[in-house]
**Student:** 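One structure follows; several queries about it will come next.
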Amino acid sequence: MADTSTQSIQVHAPVDRVAAVICDFPRYPEWVDAIEQIEVLEEYEDGYAARVRFVIDAGVMADDYTLEYAYADDLTRIEWHLVEPSKTQKSQQGSYDLADAGDGTTTVTYSLEVELSIGMLGMFRRKAEKIIMDTALKQLKRRVESLPAS
């Protein structure tokens with residue numbers, strides 16, 4: 001059974017800049033430590049990625065999987081799900097919710113639900129999820145804030 005974990009972070013940039021970084025999948029290997037390779041397999045008519053293949057190596061876990069993405073019209077919600085089970089995952093669903101804080105910053109809320117193919121004690125799984133989410137949000141924040149304002 002999968003549990004949903006949610007965490008948030010404040011990013012010093014407007015929503016559109018945060019969304020642009022999240023949607024720029026080919027550049028993920030530049031700022032996401034665990035990503036070895038990424039490939040946009042399909043795009044929607046508007047150019048946003050529909051299916052993306054990830055090859056990750058997070059030390060204790062390596063995997064190769066494909067996610068399917070959906071986007072809110074204003075890009076304040078970007079969500080995904082695992083297309084088919086992988087070596088380590090039975091299922092994965094997640095989302096980024098972006099909220100304008102009204103002061104030029106964006107609150108990014110990351111939700112993730114993963115059902116692993118391998119057994120893992122609940123307390124270890126929760127600790128792993130926390131580390132994954134902390135790392136993902138901190139790397140996103142660092143990337144967005146390091147880019148020049150447009």
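All values below were derived from every heavy atom in this structure, side-chain atoms included, with hydrogens, water molecules and symmetry-related copies excluded.
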**Student:** What I want to find out is whether Arg53 reaches Asp64 closely enough, with some N-O distance under 4.0 Å, to be called a salt bridge.
**Tutor:**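 Looking at Asp64 together with Arg53, the answer is yes, because their closest N to O distance falls below 4.0 Å.
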**Student:** Do the ring planes of Phe54 and Phe25 sit parallel (below 30°), tilted (30 to 60°) or perpendicular (above 60°)?
**Tutor:**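 Ring orientation, 0 to 90° scale: perpendicular.
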**Student:** Answer yes if Val83 and Ile35 sit in the same cluster of Ile, Leu, Val, Met, Phe, Trp and Tyr residues linked by side chain heavy atoms under 4.5 Å apart, and no otherwise.
**Tutor:**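 As far as the 4.5 Å side-chain criterion goes, Ile35 and Val83 are not connected within one cluster.
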**Student:** Checking Thr4 against Glu113: is there a side-chain donor and acceptor pair closer than 3.5 Å?
**Tutor:**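 Checked: Glu113/Thr4 side chains pair up, N/O donor to acceptor below 3.5 Å.
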**Student:** What closest approach, in Å, do Ile38 and Pro26 show between heavy atoms, and which atom pair accounts for it?
**Tutor:** CG2-CA, 3.9 Å
**Student:** Give a yes or no answer on whether the side chain of Tyr28 reaches the backbone of Asp33 with a donor-acceptor pair at less than 3.5 Å.
**Tutor:** no
**Student:** Same cluster or not: Tyr96 versus Leu82, using hydrophobic residues (I, L, V, M, F, W, Y) connected whenever any side-chain heavy atoms lie under 4.5 Å apart?
**Tutor:** yes
**Student:** Without swapping roles, check the side chain of Thr106 against the backbone of Val15 for a donor-acceptor pair under 3.5 Å.
**Tutor:** yes
**Student:** Please lay out, stage by stage, how Glu42 and Glu68 fare under the test side-chain contact (heavy atoms from CB on, under 4.5 Å).
**Tutor:** CA-CA 9 Å; Glu42 291 177 33; Glu68 186 170 302; over 6 Å; no
**Student:** Show your working on side-chain contact (heavy atoms from CB on, under 4.5 Å) between Tyr71 and Cys23 and close with a plain yes or no.
**Tutor:** CA-CA 10 Å; Tyr71 308 85; Cys23 295; 3.8 Å; yes
**Student:** Within the distance-only criterion (no hydrogens, no angle test), does the side chain of Tyr110 pair as donor or acceptor with the backbone N or O of Gly94 below 3.5 angstrom?
**Tutor:**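 A pair under 3.5 Å: no.
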**Student:** Kindly say whether Lys90 contributes a backbone atom to a donor-acceptor pair with the side chain of Glu115 at under 3.5 angstrom?
**Tutor:** no
**Student:** How long is the gap from OG1 on Thr76 to CG on Asp97, to the nearest 0.5 Å?
**Tutor:**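 Output value for this atom pair is 7.0 Å.
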**Student:** Using every non-hydrogen atom in the two residues, find where Asp63 and Ser86 come nearest and quote the distance to one decimal.
**Tutor:** OD2-OG, 2.7 Å
**Student:** Could you tell me the separation between the CG atom of Leu75 and the CD1 atom of Ile22, rounded to the nearest 0.5 Å?
**Tutor:**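 Reported to 0.5 Å precision, the distance equals 9.0 Å.
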**Student:** Working note: Val40 + Tyr48, criterion side-chain contact (heavy atoms from CB on, under 4.5 Å); need CA distance, chi angles, decisive distance, verdict.
**Tutor:** CA-CA 9 Å; Val40 176; Tyr48 287 105; over 6 Å; no
**Student:** For Asp73, I'd like to know if atom CG has over 12 heavy atoms of other residues, nucleotides or ligands within 6.0 Å.
**Tutor:** no
**Student:** Taking all heavy atoms of Arg17 and all of Leu147, pick out the closest pair and write down the distance.
**Tutor:**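 For Arg17 and Leu147, the tightest heavy-atom pair comes out as NH2-O, 3.5 Å.
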**Student:** Working to the nearest 0.5 angstrom, can you tell me the gap between Thr66 OG1 and Arg51 CZ?
**Tutor:**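 That separation rounds to 7.5 Å.
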**Student:** Could you walk me through whether Val21 and Leu140 pass side-chain contact (heavy atoms from CB on, under 4.5 Å), step by step?
**Tutor:** CA-CA 8 Å; Val21 169; Leu140 174 64; 3.7 Å; yes
**Student:** When rounded to the nearest 0.5 angstrom, what is the spacing between CG in Asp103 and NE2 in His12?
**Tutor:**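 It is 8.5 Å, given to the nearest 0.5 Å.
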**Student:** Test your reading of the model: is there a side-chain donor-acceptor pair from Tyr44 to the backbone of Tyr69, 3.5 Å cut-off?
**Tutor:** yes
**Student:** Distance from Gln37 atom CD to Ile56 atom CD1, nearest 0.5 Å?
**Tutor:**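 Going from CD on Gln37 over to CD1 on Ile56, the span is 12.5 Å.
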**Student:** Is it the case that the side chain of Arg77 and the backbone of Ser95 share a donor-acceptor pair, with hydrogens and angles ignored and the cut-off at 3.5 Å?
**Tutor:** no
